[in-house]
*Asks:* 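Here it is: the structure, laid out below.
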Amino acid sequence: MTDRTERILEGLNAAQHKAVTTEGGALLVLAGAGSGKTRVITNRIAYLIEQGVAPWKILAVTFTNKAAAEMKERVYRLVGDEARSIWVRTFHSSCARILRQSAERVGLTAEFSIYDGDDQKRLMKQVFNDLRLKGGAATPSSAIHLIGLMKGRNEGPDDLDTTSPLEDEVKRAWKVYQERLLRANAVDFSDLLGLALKVITEDQTAGEGWAKRWTHLLVDEFQDTNRVQYLLAARLAEHTGNLCVVGDDDQSIYSWRGADISNIVDFEDDHPGATVVKLEQNYRSTGTILKAASALISNNRQRTEKTMWTAAGDGDDIDYFVAADERMEAEYVARIAQHLKQQGRASNLAVFYRIHAQSRVLEEALRSKQIPYRIVGGIRFYDRAEIKDLVAYLRLLNNPASDMDLHRIINQPKRGIGATTVKRIFDLADQKNTAALDVCRSAASPSAGLLGTGARKKVASFVALMDGLAELAKDLGPADLAEAVLARTGYTQQLAAQGTEEARSRVENLAEMVGSIRSYEEDAENQSQEPTLVGFLEQVALTSDVDQTDALGEGVTLMTVHAAKGLEFEEVVVCGLEEGLLPHFRSVIEDDVEEERRLAYVAFTRAKQKLHLTRANERTLMGQTRYNEPARFLEEIPAEILTRSGRSGRGRIPLDDRSQGQSRGWGQNRPWQAERRRRPPKDAIPDAPPRAATRGSARSGKKAKGRWVAGMEVSHPKFGVGTVTAWTGTPPDEKVAVFFPRYGLKTIVARFLQPL
DNA sequence: CAGGAAGCCATTTTT
DNA sequence: TGGCTTCCTG
């Protein structure tokens, strides 16, 4: 055994050792939370190389760029320069790369654009307008969602059931949507995977190319793969059968995005003779935290049995706080943060919540105490309007067929090209099935009759502007080109002229953007690759907000539970453990609480030393106040390890008997109690029917949308009068969750309900 | 055509 | 609640 091999295997436990060294064939590593999963993958890659596998024949796929970067870094540390030629990438970037090289096969050019969720939605809105689908069963968002799910299952528009009005509408929209994507030389996220699969499959029947390029495949977070991703992995590994997948079914939290948990659960059946290794030792959390998490997750039925254990001691109890409302909850969180800040440990703390909308109060509370924090997610930097404008120019220069981008910037900055002119151009583009920029070009000539003189001149000068930039694009690098765009279009100038604080910050953001393009150029050069516009645009499209986490910095970290997967913190607060929030309404109605439980499980298992749970009796969200019951998950945690703190009245103050004294300091002074309100009776409902209640029903004639409003009163022949809390689906599948004072929360098929 | 005011609408998680 | 669309005015 060489020294290096020794180092690779050093300190691994028996299961990890097996996972790293098992040779050839299918390998399933069931890696519980905190069990050293990343270490196993990276060491396995290193081990393969030690065994003589050529680095460029190894492909490791992850879900986030961040995970990929970390993995690559760790492999690099183990094997040095050889790590360079290993493909460690996300599914999406691997597929993008594959597709760039074989774009013509699917009717694209190598410069194709990648449309993100926002672009998709805008495109779909246009399609809905043009097909006059507004007011029907489908909405642009629901259509996109459904199309995404179906593409993820490798299905097409013809797999929709046209007897359902919703599906019929989606089918029609889908076809037009797809035509326009193709015309724009663009793909959406799902196409990236689907088309790459197509290319590889065709390759395979030809017995060449991608299908044989890699001999060893590793897939991380396998529980989050959808059908297409599963097929991709299978196809790429088919000729050697060397497929190693790593995951944890208890941490599958993306089924809404098409992740299919059966990919991991059925892996053994699909791959007879597969080696299965379970990593069950947790190296992250205290015994208490692990106990709580395990107890919680054992309530799920759909899972492979695992028993996590730890050699660590029990540690602190789990701290549980019930606030009167969300502001008190935030105040409590801020106090925890302040306490840590005084010890210089603020960055050891993370605060998790179910939905982004919860972050605002938390931010306010932290800010008022001057506690530094950083917030992950919400809006990406790239999602700011001014950045998207700049990117749209660059994308249009890269791919002149990209109509979405033209649409965005044709009058941005304002150059007097108004809505009517734009509409004429785009209508003609649809009619002639050509790129809108080409229509602009022909409409700009004096002989064309499409536009009036004024509009024509303006369009002509816009076309000249773009042509000039296109000329520059031939010689300039991406960053210089971006600067030229900002200068020549007068974008920065127009912003600067506004003189407002907001405009100033936009100018700064643009400067930062140019800076980030420059650092992309440097990165590329460091890897001895040519920095290209396509390359940069691809990075923009495929970088998520989660990837931008490591922007190091002092302070408390705020994020959704989804964003927290894969991370760990000394101390964690999970907010809003309420029925309706975690578990979320939708999941309750759609009967998928198990996924929410997994979400809670992921949240709990991020904590190393200390876990706090909070909830609020009353919460105002989206302008509606409601009284939430405690999350069922709370009852699933053994009572003896849950210590309720800050309880009002003369009750015990359990903070005193803490071993580490971390909790000291809040006990004495609890201002939130001063304002503590009488908790409404258990079955309380907002007493006045909200104004909205009249809205939906009074405007009769309108189906579906707006008929149900949280808080409105309805009557049911059997259960009597109740209050709507949530609803889902479209008629006739529409279901409404109603709280009946006498019977509790019920899910009712909408046609049995009578609005009051 | 641009900008402001008023109304409408939809409520999760995101590669 | 707030983001977006539509309507109205200069």
Side-chain angles (χ1 to χ4, degrees), chain A residues 61-68 89-96 114 116-118 120-122 125 129 134-135 139-142 144-145 148 152 188-190 192-193 221 224-226 228-229 252-259 352-358 360-361 376-380 383 385 411 413-422 452 454-455 458 541-547 559-565 576 580-590 592 595-596 598-599 602-603 620-625 692 695-696 699 702 704-710 725-728:
Chain A
V61 207
T62 64
F63 273 86
T64 66
N65 296 293
K66 193 163 166 256
R89 296 172 155 260
T90 64
F91 270 108
H92 293 266
S93 87
S94 309
C95 289
I114 299 168
D116 67 16
D118 199 58
Q120 280 184 67
K121 197 164 172 184
R122 277 158 15 106
K125 271 187 181 164
N129 276 335
K134 271 196 288 191
T139 63
S141 307
S142 69
I144 287 193
H145 182 68
D188 63 22
F189 283 135
S190 318
L192 219 40
L193 305 179
E221 307 279 17
D224 287 332
T225 50
N226 63 25
V228 167
Q229 288 160 334
S252 163
I253 55 176
Y254 284 105
S255 72
W256 52 274
R257 211 168 72 190
F352 303 152
Y353 35 80
R354 177 67 234 263
I355 59 173
H356 284 303
Q358 287 171 261
R360 256 224 347 235
V361 236
V376 179
I379 11 128
R380 292 191 309 169
D383 283 342
N411 197 31
K414 300 276 176 276
R415 46 175 76 91
I417 302 177
T420 7
T421 307
V422 173
K458 286 169 183 159
L542 299 181
T543 302
S544 72
D545 43 13
V546 181
D547 293 324
M559 64 180 121
T560 63
V561 183
H562 281 90
K565 197 172 68 160
L581 200 53
L582 183 62
H584 194 269
F585 297 113
R586 298 283 270 249
S587 74
V588 176
I589 297 167
E590 282 157 23
D592 190 17
E595 175 137 324
E596 300 285 309
R598 291 194 289 268
L599 215 37
V602 167
T620 305
L621 225 46
M622 316 242 189
Q624 302 264 354
T625 302
R695 188 168 73 194
R699 281 185 174 256
K702 274 189 75 178
K705 229 127 297 138
R707 197 139 73 97
W708 310 111
V709 179
T725 63
W727 63 98
T728 184

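All values derive from a computational prediction rather than experimental measurement. Each chain gets a letter, A, B and so on, in the order its sequence line appears, and its residues count up from 1.
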*Asks:* Roughly, in whole Å, what's the span from NE2 in H584(A) to P in dT11(B)?
*Replies:* 10 Å
*Asks:* Once you apply a heavy-atom cut-off of 4.0 Å, does N65(A) come out as touching a base, just sugar-phosphate, or nothing?
*Replies:* nothing
*Asks:* How many Å lie between CD on Q120(A) and P on dT15(B), as a whole number?
*Replies:* 13 Å
*Asks:* What does T421(A) touch in the nucleic acid at a heavy-atom separation under 4.0 angstrom: a base, only the sugar-phosphate, or nothing?
*Replies:* sugar-phosphate
*Asks:* If you check the R257(A) side chain, which of dC1(B), dT12(B), dT15(B) turns out closest?
*Replies:* dT15(B)
*Asks:* Please work out if F189(A) contacts a base, only the sugar-phosphate, or nothing of the nucleic acid, heavy-atom cut-off 4.0 Å.
*Replies:* base
*Asks:* Could you give the distance separating dT12(B) and dT5(C) at their C1' atoms, to the nearest angstrom?
*Replies:* 24 Å
*Asks:* Would you call T421(A) and N411(A) a side-chain contact if the rule is heavy atoms closer than 4.5 Å?
*Replies:* no
*Asks:* How many angstroms lie between atom NZ of K565(A) and atom CZ of R598(A), to the nearest 0.5 angstrom?
*Replies:* 10.5 Å
*Asks:* Kindly determine whether F91(A) and T225(A) satisfy side chain to side chain contact (heavy atoms under 4.5 Å, CB included), including the steps that lead there.
*Replies:* CA-CA 10 Å; F91(A) 270 108; T225(A) 50; 4.0 Å; yes
*Asks:* Would you say a side-chain N or O of T420(A) is under 4.0 Å from OP1 or OP2 of dC1(B)?
*Replies:* yes
*Asks:* Could you check G418(A) against H92(A) and say which one's nearest nucleotide on DNA chain B is further toward the 5' end?
*Replies:* G418(A)
*Asks:* Could you check I355(A) against H584(A) for side chain to side chain contact (heavy atoms under 4.5 Å, CB included), going step by step and ending with a plain yes or no?
*Replies:* CA-CA 9 Å; I355(A) 59 173; H584(A) 194 269; 4.3 Å; yes
*Asks:* Using only heavy-atom distances, decide whether a donor-acceptor pair under 3.5 angstrom links the side-chain of R586(A) to the base of dT11(B).
*Replies:* no
*Asks:* Hey, is the main chain of S255(A) close enough, under 3.5 Å, to the side chain of E595(A) for a donor-acceptor pair?
*Replies:* yes
*Asks:* Nearest to the side chain of H356(A), which nucleotide is it out of dT12(B), dA2(B), dT14(B)?
*Replies:* dT14(B)
*Asks:* So which nucleotide from dT1(C), dT15(B), dT13(B) ends up closest to the side chain of R360(A)?
*Replies:* dT1(C)
*Asks:* In whole Å, I'd like the distance from the NZ atom of K458(A) to the P atom of dC1(B).
*Replies:* 7 Å
*Asks:* Within this structure, what is the CD-to-P distance between E595(A) and dT14(B), rounded to whole angstrom?
*Replies:* 12 Å
*Asks:* Under the side chain to side chain donor-acceptor pair (under 3.5 Å) test, which residues partner R257(A), sequence neighbours left out?
*Replies:* none
*Asks:* Which is more 5' along DNA chain B, the nucleotide nearest L542(A) or the one nearest G416(A)? Just name the residue.
*Replies:* G416(A)
*Asks:* H145(A) NE2 to dT13(B) C1': how many Å, rounded?
*Replies:* 10 Å
*Asks:* Between dT15(B) atom C1' and K66(A) atom NZ, what is the distance in whole Å?
*Replies:* 15 Å
*Asks:* Select base, sugar-phosphate, or nothing to describe what T620(A) touches, counting heavy atoms under 4.0 Å on all strands.
*Replies:* nothing
*Asks:* dT13(B), dG3(B), dC4(C): which one has an atom nearest the side-chain heavy atoms of T560(A)?
*Replies:* dT13(B)
*Asks:* Within this structure, what is the CZ-to-C1' distance between F352(A) and dT12(B), rounded to whole angstrom?
*Replies:* 17 Å
*Asks:* Separation of K121(A) atom NZ from dC9(B) atom C1', in whole Å?
*Replies:* 11 Å
*Asks:* Any base atoms under 4.0 Å from R598(A), or only sugar-phosphate, or nothing? Heavy atoms, all strands.
*Replies:* nothing
*Asks:* Please check the phosphate of dA2(B) (OP1 and OP2 only) for any side-chain N or O of N411(A) closer than 4.0 Å.
*Replies:* yes
*Asks:* Is W256(A) stacked against the base of dT13(B), taking the criterion as centroid distance under 5.5 angstrom and interplanar angle under 30°?
*Replies:* yes
*Asks:* Among dT14(B), dT5(C), dC1(B), which nucleotide sits nearest the side chain of H562(A)?
*Replies:* dT14(B)
